Engineer: 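Take a look at the following structure, please.
The analysis underlying the following values was restricted to heavy atoms, covering all of them including side chains, and did not include hydrogens, waters or symmetry mates. By convention in this document, chain letters (A, B, ...) are assigned in the order of the sequence lines, proteins followed by strands, and residues within each chain are numbered from 1. Computed from a predicted structure; not experimentally measured.
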Number of protein chains: 2
Amino acid sequence: MADVIYGTAPNHAEGPAIQPSEPAPAGLRLADKPELAFIELLFFAYRDFVGDPDAVLDTFGFGRAHHRVLHFVSRNPGMMVADLLDILKITKQSLARVLKQLVDTGHIEQRPGPEDRRQRLLFPTQKGKALSMRLVELQAQRVRTALAGLGADGRAGVESFLRRMIDPADRDHVDQLIKR
Amino acid sequence: MADVIYGTAPNHAEGPAIQPSEPAPAGLRLADKPELAFIELLFFAYRDFVGDPDAVLDTFGFGRAHHRVLHFVSRNPGMMVADLLDILKITKQSLARVLKQLVDTGHIEQRPGPEDRRQRLLFPTQKGKALSMRLVELQAQRVRTALAGLGADGRAGVESFLRRMIDPADRDHVDQLIKR
DNA sequence: TAAATTACGTCAGCCATATTGACATATTTG
DNA sequence: CAAATATGTCAATATGGCTGACGTAATTTA
C-alpha cells in the first residue's frame with residue numbers, strides 16, 4: 001500500500017488560487033460526525049475479514065457466494081432450501097448456480113425430506129464440512145486477535161454493538177441462528 | 001423474513017433412519033467455536049449497514065461502487081486518483097466507469113494539480129457533498145443506535161475491535177485516513 | 001536535451017454474483 | 001380433485017470487478 005499520506009495536494013501559494021466555483025473546499029470531518037470512525041473502520045474491517053477466505057476459496061474455484069452457502073449449511077445440516085434463501089436473502093436462481101457447483105464437487109448433498117418429500121434438505125459432506133471448518137478457523141483467528149485486548153465486558157460490548165447494527169426486525173431471527 | 005425456525009427437519013423416527021454415508025450429522029456448533037457468534041453477527045450487521053444507502057443510491061441510478069468513491073472523495077477533497085485506487089483496492093478501469101458517472105452527473109469534479117499537472121485531483125461538488133452527507137447520516141444513525149447502550153469504555157472496545165480486525169500492515173494507514 | 005518514468009485515461013473482452021420473469025415438476029393439503 | 005407448496009430451470013439483464021493493451025501529457029533523470 002503506497003504512501004497515501006496525501007495532504008489535499010498542497011494548494012500552493014498561487015495568489016488568488018483556483019476559484020472554488022463548484023467544488024466544496026472542506027470535506028466531511030471526523031470532528032463533525034464522530035460515527036465516521038466506526039463507519040470507516042467497519043468498511044475496512046469487513047473487507048479484510050472476508051479477504052482471508054477468498055484466497056482459499058480461489059484454489060477450489062469457488063467465490064464468496066459458495067462460502068456463504070457452505071457456511072450456513074454446515075451450521076445447519078439438513079436445513080431447507082427455502083430457509084437458506086431466507087437467510088442469504090438471495091433468489092433461488094442465484095443460489096442454483098453455486099449450490100449446483102457445491103453439490104457437483106461433493107461438498108454438499110441433497111436428500112429428500114423424510115416427512116415432506118418435496119423438500120431437498122441440504123447436508124454438508126465430510127469434505128464440505130472440512131472446508132467449512134477451515135474457512136471458519138481463518139475468520140475465527142482474526143476475531144480472536146481483535147478480541148485479545150478486551151475483557152469479558154468489552155467482548156459483550158462488541159457483541160451487543162454488532163447485534164444492534166442489525167435491523168431490529170431480524171435480530172431475534174439472527175439470535176436463533178447463532179445460538180446453536 | 002418467514003419463519004426460519006427450522007429444526008434440522010425432524011429426522012423423524014424411522015427405525016435405522018438414513019445412513020449418514022457421506023453427510024456429516026453434527027454441524028459447526030457455537031459451543032465448539034465461540035467466535036462463530038462474532039463471525040455471523042458481523043455478516044448480518046454489515047449487510048444491513050450497507051443496505052440503507054443502497055435504497056437512496058438506487059434513486060440516483062447509483063450502486064455501492066459510487067457510494068464508496070463519493071464517500072472517500074468527500075472525506076478527502078482534492079485527493080489524487082492513485083490514492084483513491086489505493087484505498088479502494090480496485091483497478092483504474094473499475095474506477096473509471098463509476099467515476100465517469102459521478103463526474104457526468106455533477107457529483108464530483110476533477111481539476112489538474114496545481115503543482116503536478118498530470119494529476120486530476122478529485123473534488124466533491126456541493127451536490128456530491130450533499131449526497132455524501134445524506135448517506136453518511138443514514139449509516140451514522142445506525143451506528144448511534146448500536147452504540148446507544150454502551151459507555152465510553154464500551155465504545156472504545158468496539159473501536160479497538162474493529163481496528164484490530166484490519167490487517168496489521170494497513171492499520172496505521174487507515175488511522176491516518178480516519179483521523180481527519 | 002533526449003529518454004524514461006509517472007499519472008491518468010480508454011478500448012475490449014471476460015468473470016462472478018445477483019436480478020426479474022416465465023414455466024415445469026413433484027408432492028402435500030384443503 | 002384443485003390449489004398451494006417446495007424446488008428446479010431457462011433466458012435475459014445489471015453491476016462491479018478483472019486482465020491486457022495502448023495512448024497522452026507532464027515530470028524526472030541520465
Engineer: For D:dG17 and B:R68 - does any side-chain N or O of the residue sit under 4.0 Å from the phosphate oxygens OP1/OP2?
Structural biologist: yes

Engineer: Using atom CG of B:D54 as one end and atom C1' of D:dA14 as the other, report the distance to the nearest whole Å.
Structural biologist: 14 Å

Engineer: C:dC8, C:dA18, D:dG17: which one has an atom nearest the side-chain heavy atoms of B:K92?
Structural biologist: C:dC8

Engineer: Is it the case that the base of D:dT5 and the side chain of A:R118 share a donor-acceptor contact (distance under 3.5 Å, atom types as modelled)?
Structural biologist: yes

Engineer: Does A:R64 reach the side chain of A:D54, with side-chain heavy atoms less than 4.5 Å apart?
Structural biologist: yes

Engineer: Is any NZ, NE, NH1 or NH2 atom of the basic residue among A:K129 and A:E109 found under 4.0 Å from an Asp or Glu carboxylate oxygen of the other?
Structural biologist: no

Engineer: Judged by each residue's nearest nucleotide on DNA chain C, which is more toward the 5′ side, B:L95 or A:H66?
Structural biologist: B:L95

Engineer: For a quick test of reading the model: is some side-chain N or O of A:T91 closer than 4.0 Å to OP1 or OP2 of C:dA18?
Structural biologist: no

Engineer: Measure CG/B:D104 against C1'/C:dG9 and give the value in whole Å, please.
Structural biologist: 14 Å

Engineer: Just how far, in rounded Å, is C1' of D:dT7 from CG of A:L84?
Structural biologist: 13 Å

Engineer: So what does B:R97 hit on the nucleic acid, given a heavy-atom distance under 4.0 Å: a base, only sugar-phosphate, or nothing?
Structural biologist: base

Engineer: Can you measure B:K89 atom NZ to D:dT19 atom P for me and round it to whole angstrom units?
Structural biologist: 14 Å

Engineer: Which part of the nucleic acid, if any, lies within contact of B:H67, taking any heavy atom under 4.0 Å across all strands shown: a base, the sugar-phosphate backbone alone, or nothing?
Structural biologist: nothing

Engineer: Could you state the atom-to-atom distance from CD of B:Q119 to C1' of D:dT24 in whole Å?
Structural biologist: 16 Å

Engineer: So which one's nearest nucleotide on DNA chain D is more toward 5', B:G63 or B:D116?
Structural biologist: B:G63

Engineer: Under the 3.5 Å rule, do the base of D:dT7 and the side chain of A:R120 count as making a donor-acceptor pair?
Structural biologist: no

Engineer: Step by step, work out the side-chain contact (heavy atoms from CB on, under 4.5 Å) result for B:D52 and B:R142.
Structural biologist: CA-CA 9 Å; B:D52 285 333; B:R142 186 178 288 268; 2.9 Å; yes

Engineer: Check whether any side-chain N or O of A:Q110 sits under 4.0 Å from OP1 or OP2 of D:dG8, and answer yes or no.
Structural biologist: yes

Engineer: Which nucleotide wins on minimum distance to the side chain of B:A96, given the candidates C:dT27, C:dT10, D:dG8?
Structural biologist: C:dT10

Engineer: One thing to verify: whether B:R144 and B:E137 come together as a salt bridge, which I'm taking to mean a side-chain N less than 4.0 angstrom from a carboxylate O.
Structural biologist: yes

Engineer: Of the listed nucleotides (C:dT17, C:dC8, D:dG17), which one gets closest to any side-chain atom of B:A65?
Structural biologist: D:dG17

Engineer: Could you grab the distance from atom CZ of A:R155 to atom CZ of B:F38, nearest 0.5 Å is fine?
Structural biologist: 7.0 Å

Engineer: Any N or O donor-acceptor pair under 3.5 Å from the base of D:dG16 to the side chain of B:Q93?
Structural biologist: no

Engineer: Closer than 4.0 angstrom, basic N to acidic O: yes or no for A:K100 and A:D104?
Structural biologist: yes

Engineer: Roughly, in whole Å, what's the span from CG in A:L102 to P in C:dA16?
Structural biologist: 14 Å

Engineer: Hey, is the side chain of A:S94 poking within less than 4.0 Å of OP1 or OP2 on C:dT17, counting only N and O atoms?
Structural biologist: no

Engineer: From CD1 of B:I90 over to C1' of D:dT19, roughly how many Å is that when rounded to an integer?
Structural biologist: 15 Å

Engineer: Taking atom C1' of C:dA7 as reference, at what distance in whole Å does atom CE of B:M79 sit?
Structural biologist: 14 Å

